[in-house]
Amino acid sequence: MPELPEVEALRVFLGDHLVGREIARVLPLSVNVLKTYDPPPAALEGSSVTSVDRHGKFLDIGAGPLHLVTHLARAGWLRWRDSFPAKPPGPGKGPLALRVVLAGDDGFDLTEMGSKKRLAVYLVHDPTEVPGIARLGPDPLAPDFDRDALAALLHGERRQIKGALRDQSLIAGIGNAYSDEILHAAKMSPFKRTADLGEDDISRLHAALRTTLEDAVARSSGVAAGALKSEKRSGMRVHGRAGEPCPVCGDTVLEVSFSDSALQYCPTCQTGGKPLADRRTSRFLK
């Protein structure tokens, strides 16, 4: 799933390619991609793009009084096109979900692979009309997201730190991959309880969070939209690397699987050398 660094890179890329350009056509190509129906997509046609913003994992393209907001979900992506075939594709054909064509006949496609269609597009007058944006917590790359801000967010929480980092209503933009990376950098068990975090833990977690996200954004800077996925994978130390050596200590990266996701961690760096044998009966060393 694209997370904050990749969506931020897409924001920059689209800002360079869209702002000041006129939208010629907006073509919904998947039955379920549009989550709003008034105003219709045709209301964007003839408008010029004035802004491209990010809210957590949401992309927000402003054109006149309207905002085309996209959440790429787990399998969605944006593909820039320098030109399009003269004949538009039929609805429901392949992974295409939505096409935006500019007056110069370039633009982008939103695509989604797989059978579970979760990519979402909204056309609204105000981004906060999108329920997911209205619920977002603070952006962890905002200048005022300091160590004390993180401590205030975690105060009173009673859950595992991995789940807290992924909660979009608590902190916007962090998902499964970067929560693994942040916790590895912080040398912290994914199952450590937020209530058990000490002052040093919070300081270490904040430093790891900012460094991990800032480094990922820096690596993605200037990377074309089509290459961002491979750039994300190449920068991961533990996420998606089960069975490989930890780049810090050399121990084998291990994995815990859930019904719809998995986490990866280094036992030596994060759990005192103790692996999790069975997620249903065991716990990480806290």
Trainee: Taking the side chain as every heavy atom from C-beta outward, state whether Asn176 and His239 have any pair of such atoms under 4.5 Å apart.
Mentor: yes
Trainee: Anything under 30° is parallel, anything over 60° is perpendicular, the rest tilted; go ahead and classify Phe13 against Trp80.
Mentor: perpendicular
Trainee: Show the nearest heavy-atom pair for residues Val26 and Ile23, with the distance to one decimal.
Mentor: CG2-CG2, 3.7 Å
Trainee: With the threshold set at 4.0 Å, does a side-chain nitrogen-carboxylate oxygen contact exist between Glu3 and Lys232?
Mentor: yes
Trainee: Consider only side-chain N and O atoms of Asn32 and Ser30, and report whether a donor and an acceptor are under 3.5 Å apart.
Mentor: no
Trainee: Are the side chains of Leu72 and Lys57 in contact, using a 4.5 Å heavy-atom criterion?
Mentor: no
Trainee: How long is the span from the CH2 atom in Trp77 to the CE atom in Met113, to the nearest 0.5 Å?
Mentor: 14.0 Å
Trainee: I need the Arg210 CZ to Leu150 CG distance, nearest 0.5 Å.
Mentor: 10.5 Å
Trainee: Does CG in Asp16 sit with more than 12 non-hydrogen atoms of other residues, nucleotides or ligands closer than 6.0 Å?
Mentor: yes
Trainee: Does Leu68 reach the side chain of Val100, with side-chain heavy atoms less than 4.5 Å apart?
Mentor: yes
Trainee: Counting N and O atoms only, with roles assigned by atom type, does the side chain of Lys117 sit under 3.5 Å from a partner on the main chain of Val33, one being a donor and the other an acceptor?
Mentor: no
Trainee: Can you give me the closest heavy-atom contact between Ala149 and Asp144, atom names plus distance?
Mentor: CB-O, 3.7 Å
Trainee: With Asp180, which of Arg166, Arg241, Lys162, Arg237 fulfils salt bridge (Lys or Arg N to Asp or Glu O under 4.0 Å)?
Mentor: Lys162
Trainee: Just verifying a value: how many Å separate Phe145 CZ and Leu213 CG, rounded to the nearest 0.5 Å?
Mentor: 9.0 Å
Trainee: For residues Pro245 and Gly250, report the shortest heavy-atom separation together with the two atoms involved.
Mentor: CB-O, 3.9 Å
Trainee: Within a strict 4.5 Å, meaning less than it, do heavy atoms of the Val49 and Ile61 side chains meet?
Mentor: yes
Trainee: Which heavy-atom pair separates Pro41 from Leu123 by the least distance, and what is that distance?
Mentor: CA-CD2, 3.9 Å
Trainee: Side chains of Leu44 and His67: closer than 4.5 Å at any heavy-atom pair?
Mentor: no
Trainee: Under the 3.5 angstrom rule, does the side chain of His71 hit a backbone N or O of Leu59 as a donor-acceptor pair?
Mentor: no
Trainee: Can you label the angle between the Phe191 ring and the Phe258 ring as parallel, tilted or perpendicular, going by 30° and 60°?
Mentor: tilted
Trainee: Would you compute the distance between atom CG of Leu78 and atom CG of Leu10 and round it to the nearest 0.5 angstrom?
Mentor: 5.5 Å
Trainee: Is the backbone of Gly56 close enough, under 3.5 Å, to the side chain of Arg54 for a donor and an acceptor to pair up by distance?
Mentor: yes
Trainee: Is there a side-chain contact between Val238 and Tyr265, using heavy atoms and a 4.5 Å cut-off?
Mentor: no
Trainee: Any salt bridge linking Glu199 with Arg204? Criterion: basic side-chain nitrogen under 4.0 Å from a carboxylate oxygen.
Mentor: no
Trainee: I would like to know whether Arg81 and Asp106 meet salt bridge (charged side-chain N to carboxylate O under 4.0 Å, His left out); could you show each step before the answer?
Mentor: CA-CA 6 Å; Arg81 302 284 298 265; Asp106 53 351; over 6 Å; no
Trainee: So, do Pro127 and Phe58 sit near enough that their side-chain heavy atoms are less than 4.5 Å apart?
Mentor: no
Trainee: Between Arg99 and Pro85, which heavy-atom pair has the shortest distance, and what is it?
Mentor: NH1-CD, 4.2 Å
Trainee: Using atom types as modelled and distance alone, determine if a side-chain donor or acceptor of Thr111 lies under 3.5 Å from a backbone N or O of Leu96.
Mentor: no
Trainee: If we ignore hydrogens and angles and just use 3.5 Å, is the side chain of Gln168 paired with the main-chain N or O of Gly173 as donor and acceptor?
Mentor: yes
Trainee: Return the NZ to CG distance between Lys192 and Leu205, rounded to the nearest 0.5 Å.
Mentor: 10.5 Å
Trainee: Do Gln160 and Pro190 make a side-chain contact, defined as non-hydrogen atoms from C-beta onward lying under 4.5 Å apart?
Mentor: no
Trainee: Using modelled atom types and a 3.5 Å cut-off, is there a donor and acceptor pairing between side-chain atoms of Glu255 and backbone atoms of Ala242?
Mentor: no
Trainee: Glu181 side chain to Met236 main-chain N or O, any donor-acceptor pair under 3.5 Å?
Mentor: no
Trainee: Testing the basics here: between Ser179 and Ile174, what is the closest heavy-atom pair and its distance to 0.1 Å?
Mentor: N-CG2, 3.7 Å
Trainee: Any salt bridge between Asp60 and Arg11, counting N to O under 4.0 Å?
Mentor: no
Trainee: Testing the 3.5 Å rule here: is there a donor-acceptor pair between the side chains of Glu45 and Ser47?
Mentor: no
Trainee: Hey, does the side chain of Glu8 reach the backbone of Leu4 with a donor-acceptor pair shorter than 3.5 angstrom?
Mentor: no
Trainee: Quick one: does Thr50's side chain have a donor or acceptor within less than 3.5 Å of a partner on Gly62's backbone?
Mentor: yes
